[in-house]
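Counting convention: from 1, in listed order, for ligands and their atoms alike.
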Amino acid sequence: MCCTKKFDFTLEPVNFFFMNEEMIKEIRGLKKEKNAVLLVHNYQRPEIQDIADILGDSLDLSRKALETDKDVIVFCGVRFMAETAKILSPYKKVLLPVYEAGCPMADMVTPDELIEFKKKNPEYKIVTYVNTTAEVKAESDICITSANAVKVISDYPHNKLLLIPDRNLGNYIKSKVKDKEIMLWEGYCPVHIEINLNELRMLKDEYPDAVFLAHPECEEVILNKADHIMSTNQMIKYVKESDEKVFLIGTEQGIIYRMKKENPKKEIYPAGKFINCPNMKKTDLSDVLNALKYDQYEITLPDNIITRARTALDEMLKYS
Ligand code: 13P
Ligand code: SF4
């Protein structure tokens with residue numbers, strides 16, 4: 001009885017490992033058969049990062065979605081990212097493996113609220129973080145990502161701007177672009193605001209030589225302590241190219257898997273215990289396999305939304 005139980009226990013992980021290998025093989029086969037590409041955000045689970053064709057940040061993945069010659073894009077990330085891929089490649093099939101993989105910040109501004117603002121404030125141009133729905137982008141003048149926000153806004157030839165939805169990214173941009181009137185929305189990322197000053201102080205005491213890299217979605221008190229404020233791809237590049245050996249990473253902790261893999265001799269720590277985006281972690285190998293097998297879940301958007309949202313994304317690509 002006791003031995004059978006033990007035997008059962010040991011079988012599980014072996015079986016699980018075997019299943020992973022089997023699934024990966026099937027995913028590779030289906031990708032070839034369907035002429036599909038796997039775009040994966042830096043926050044995804046390790047096993048999803050490992051099978052990526054392209055691993056990157058929002059800006060990078062948008063560009064790759066635009067350039068790909070594949071027929072199908074499987075987007076392992078959250079819904080607004082897959083929608084962006086669809087807007088940029090409307091004739092391709094774009095699949096989001098987990099239907100409910102959303103972004104709470106993207107839902108903090110609705111098209112109706114924005115239309116209302118525009119009616120009351122027609123002199124403002126609407127600058128929209130990519131972390132928004134396609135419908136909100138369609139009501140916008142220009143988009144930004146964390147990688148290009150300061151450059152795009154500095155070069156954009158308008159002075160009165162409403163920036164939606166992230167107030168933290170907005171405050172950071174305001175600190176860099178002083179000659180424009182920038183109004184902010186009250187949105188925020190519930191994951192990045194979990195990075196708190198007390199914990200950061202303790203970590204800095206523990207690792208006094210660490211370089212602290214923070215994402216602009218962190219709150220101002222945290223950004224004030226950062227050595228560099230960067231998008232996820234910029235952090236990846238920085239850690240790789242820097243001569244420094246110890247890093248504290250102020251963004252979703254999924255990125256640390258990639259950093260450690262690419263820099264086995266460097267010490268890389270998350271800048272807090274709870275920097276975990278549950279939506280980014282919803283996708284597993286079986287979801288990717290099912291996405292390819294059953295063409296799920298296909299992103300479909302009305303033509304007029306695609307056309308108008310595309311204008312805002314094209315404006316961004318022009319200045320970035
Ligand atoms: P990046 O564009 O820097 O990858 O960030 C995306 C995101 O969702 C941050 O929370
Ligand atoms: Fe959205 Fe924050 Fe998750 Fe990024 S980390 S997808 S902004 S909830």
Colleague: If we ignore hydrogens and angles and just use 3.5 Å, is the side chain of T132 paired with the main-chain N or O of Y129 as donor and acceptor?
Modeller: yes
Colleague: Can you list every side chain to side chain donor-acceptor pair (under 3.5 Å) pair that touches residues 168-178, not counting sequence neighbours?
Modeller: none
Colleague: Please list, chain by chain and in numerical order, all residues satisfying salt bridge (charged side-chain N to carboxylate O under 4.0 Å, His left out) with K70, sequence neighbours excluded.
Modeller: none
Colleague: Does S140 reach the main-chain N or O of I142 with its side chain, forming a donor-acceptor pair under 3.5 Å?
Modeller: no
Colleague: At less than 4.0 angstrom from any non-hydrogen atom of N131, what atoms of ligand 2 do you find?
Modeller: 7 (S)
Colleague: Using a strict cut-off of less than 4.0 Å between a Lys/Arg side-chain nitrogen and an Asp/Glu carboxylate oxygen, indicate whether R201 and D205 qualify as a salt bridge.
Modeller: no
Colleague: For Y269 and F247, I'd like to know if the aromatic rings sit close, meaning centre-to-centre distance below 6.0 Å.
Modeller: no
Colleague: Using 30° and 60° as the class boundaries, would you call the ring planes of Y43 and H192 parallel, tilted or perpendicular?
Modeller: tilted
Colleague: Can you tell me the protein heavy atom closest to atom 8 (O) of ligand 1 and the distance?
Modeller: N131 ND2, 3.3 Å
Colleague: Using a cut-off of 2.8 Å, find all protein N, O or S atoms closer to atom 3 (Fe) of ligand 2 than that distance.
Modeller: C277 SG
Colleague: Counting only heavy atoms, which portion of T145 has something under 4.0 Å from ligand 1: side chain, backbone, both, or neither?
Modeller: neither
Colleague: What is the nearest protein non-hydrogen atom to atom 3 (O) of ligand 1, stated with its residue, atom name and distance?
Modeller: S146 OG, 2.7 Å
Colleague: Is the closest basic N to carboxylate O distance between E199 and K273 below 4.0 Å?
Modeller: yes
Colleague: Tell me the side chain to side chain donor-acceptor pair (under 3.5 Å) pairs involving residues 298-309, sequence neighbours left out?
Modeller: E139-R308
Colleague: Give the residue and atom name of whichever protein heavy atom lies nearest to atom 10 (O) of ligand 1, and the separation in Å to one decimal.
Modeller: E217 OE1, 2.8 Å
Colleague: Quick one: nearest non-hydrogen protein atom to atom 5 (O) of ligand 1, plus distance?
Modeller: H215 NE2, 3.3 Å
Colleague: Compute the minimum heavy-atom distance from H192 to ligand 1 and say whether it is under 4.0 Å.
Modeller: yes
Colleague: Can you tell me the protein heavy atom closest to atom 6 (C) of ligand 1 and the distance?
Modeller: S58 OG, 3.5 Å
Colleague: Is E252 close enough to touch ligand 1? Criterion: a residue heavy atom under 4.0 Å from a ligand atom.
Modeller: no
